Amino acid sequence: MARPLTFLCISTYFKGNDFLKACKDAGNIVYLLTAKKLDQKPWARESVDEFFYIEEEEDKTYNMDEVITGLAYIMRSRMIDRVVALDDFDVEKAALIREYFRIPGMGQTTGKYFRDKLAMRTKASESGILVPGFCGLFNDDVINKFLDSHPGPWMIKPRSEASATGIKKLYNRGELWETIHELGDKRHAYLVEQFKPGDVYHVDSLSMNGRVIFSWNSKYLAPPFDVAHGGGIFRSMTVPFDSSEAHALETISVDVLKAFGLRHSASHTEVIRSKDDGKYYFLETSCRVGGAHLSELVDASSGINLWKEWAKMETAEAKGEVFKLPPSRKEYAGIIISLTRQPWPDISVFSDPEVVWRMDEEHHIGLVVRSKSKDKVIELLDKYADIIQSDYHASAPAPDRPTH
């Protein structure tokens with residue numbers, strides 16, 4: 001009888017319980033490598049055969065030499081067949097581990113396209129995919145020429161952070177250069193991008209054998225940057241099915257994932273439709289399930305749990321078996337999330353039958369609604385936003401780095 005496969009999952013943040021459960025249910029041995037400070041989080045412990053904890057460095061990174069040494073000791077008596085990164089910040093760690101121990105899967109070169117915003121924009125542009133104008137912050141003359149040819153406002157973005165963390169919007173040349181100088185010796189880790197006003201979308205996908213086998217389109221009702229930096233309320237909803245929007249989003253996301261060489265993974269790709277020319281521009285992508293509970297939005301709308309199906313797909317790929325997605329549905333869903341003034345807000349007021357998910361997190365309120373009617377979803381999201389704004393909403397300054 002063949003031995004069970006062993007999966008090493010890595011997560012810098014508390015997330016991915018559905019993946020851990022599905023991975024274990026598929027008959028695998030499951031290890032989880034995470035930060036020591038997350039040891040008391042409600043992990044799906046019954047699905048994890050062993051936890052490996054590591055103390056973070058002062059800058060919240062892992063000492064990868066220690067990780068490699070620790071894993072080398074473990075592998076004297078145990079096999080590791082696959083390594084899975086459950087969060088953006090774990091993609092590079094997983095790629096390094098795979099390459100060092102020659103474990104199948106994405107290596108460091110491909111991994112860069114899903115972590116480094118400069119690498120992904122350069123690769124997309126070289127592949128003929130539309131991207132907003134951008135420039136690395138290496139050479140002053142090159143930056144000045146970029147500013148001459150791409151009028152402001154501009155965004156300065158960290159190359160390797162997640163979500164809207166660390167992004168600054170600048171309106172004139174003087175304040176942009178002031179911001180660059182403030183970055184000092186770290187400026188090479190940032191890029192400048194021309195700001196394009198427009199609607200921002202996210203495409204959540206599953207890829208197997210280099211082919212996108214599932215793709216779901218949603219639209220942010222307020223851009224993530226505005227929510228993070230303006231203290232707004234986060235909302236997103238399903239894009240109309242079989243619309244020109246949906247077809248354009250699917251095309252650009254498939255082109256991106258093919259150009260970047262994604263083989264087997266979940267992915268979350270963001271696209272903007274410019275208000276100026278109506279064209280769709282690639283913003284960024286990642287090889288993981290989208291954050292901010294977007295998997296609950298996709299699940300409500302499609303019936304597909306991205307975490308679970310990703311785990312089943314990884315198992316099938318490792319065993320050389322055929323993987324088939326379960327049937328999906330097409331209903332409209334919307335998500336709304338806000339910080340709250342109350343530690344544990346009373347959400348009984350949100351009692352409509354369309355509510356299919358409620359967030360359970362301190363100082364937060366979060367709901368997913370589902371309906372066959374797009375207009376009903378919009379109506380509920382608008383109604384709930386008004387209630388949350390007046391009775392619950394709190395805002396906090398955007399952090400320089402994501403918080404756990």
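Hydrogens, waters and symmetry mates play no part in the numbers below; they use all other heavy atoms, side chains included. Because the structure is predicted, anything quoted here is derived from the model rather than measured.
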Step-by-step side chain to side chain contact (heavy atoms under 4.5 Å, CB included) determination, Y53 to K37: CA-CA 8 Å; Y53 295 112; K37 68 183 182 183; over 6 Å; no

Between [X] and [Y], is there a side-chain N and carboxylate O pair less than 4.0 Å apart?
| X | Y | value |
| --- | --- | --- |
| D391 | R341 | no |
| E126 | K123 | no |
| R3 | D81 | yes |
| K112 | E92 | yes |

Tell me whether the count of non-hydrogen atoms from other residues, nucleotides or ligands lying under 6.0 Å of [atom1] in [X] goes above 12.
| X | atom1 | answer |
| --- | --- | --- |
| K24 | NZ | yes |
| R173 | CZ | yes |
| D360 | CG | no |

What do the steps show when you test T6 against N28 for side chain to side chain donor-acceptor pair (under 3.5 Å), and what is the final call? CA-CA 6 Å; T6 300; N28 302 309; over 6 Å; no

Mark yes or no: [X] above the aromatic ring of [Y], with NZ or CZ under 6.0 Å from the six-membered ring centre and no more than 45 degrees from the axis.
| X | Y | answer |
| --- | --- | --- |
| K169 | F195 | yes |
| R45 | F51 | yes |
| R187 | F138 | no |

Could you check whether any side-chain N or O of [X] sits under 3.5 Å from a backbone N or O of [Y], counting only pairs where one atom can act as donor and the other as acceptor?
| X | Y | value |
| --- | --- | --- |
| S236 | K219 | yes |
| S207 | G210 | no |
| S265 | S267 | no |
| Y113 | S286 | no |
| S301 | L297 | no |
| H264 | E314 | no |
| S243 | A246 | yes |
| D116 | S160 | no |

Give the intermediate values and the outcome of side chain to side chain contact (heavy atoms under 4.5 Å, CB included) for residues T285 and E270. CA-CA 6 Å; T285 192; E270 300 199 339; over 6 Å; no

Heavy-atom pair of closest approach, residues R98 and P104: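 Scanning both residues, the minimum pair turns out to be CD-O, 3.5 Å.
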
So, for T110 and G261, which heavy atoms are closest and what is the spacing to 0.1 Å?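 Looks like CG2-O, 4.0 Å.
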
Qualifying residue for salt bridge (charged side-chain N to carboxylate O under 4.0 Å, His left out) with R370, from E354, E331, E296: E331

Knowing that exactly one of K15, R115, K93 qualifies, which makes a salt bridge (charged side-chain N to carboxylate O under 4.0 Å, His left out) with D87?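 Considering K15, R115, K93, a salt bridge (charged side-chain N to carboxylate O under 4.0 Å, His left out) with D87 is found only for K15.
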
Does the pair F134 and T122 meet the rule for a side chain to side chain contact (heavy atoms under 4.5 Å, CB included), with working shown? CA-CA 9 Å; F134 68 95; T122 303; 3.6 Å; yes

Is there a salt bridge (Lys or Arg N to Asp or Glu O under 4.0 Å) between K145 and D148 once you walk through the steps? CA-CA 5 Å; K145 287 177 183 173; D148 289 339; over 6 Å; no

Where at least one partner belongs to residues 315-343, residue pairs that pass ring-ring contact (aromatic ring centres under 6.0 Å, His included), sequence neighbours excluded: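 Passing the test, one end in residues 315-343: F241-Y332.
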
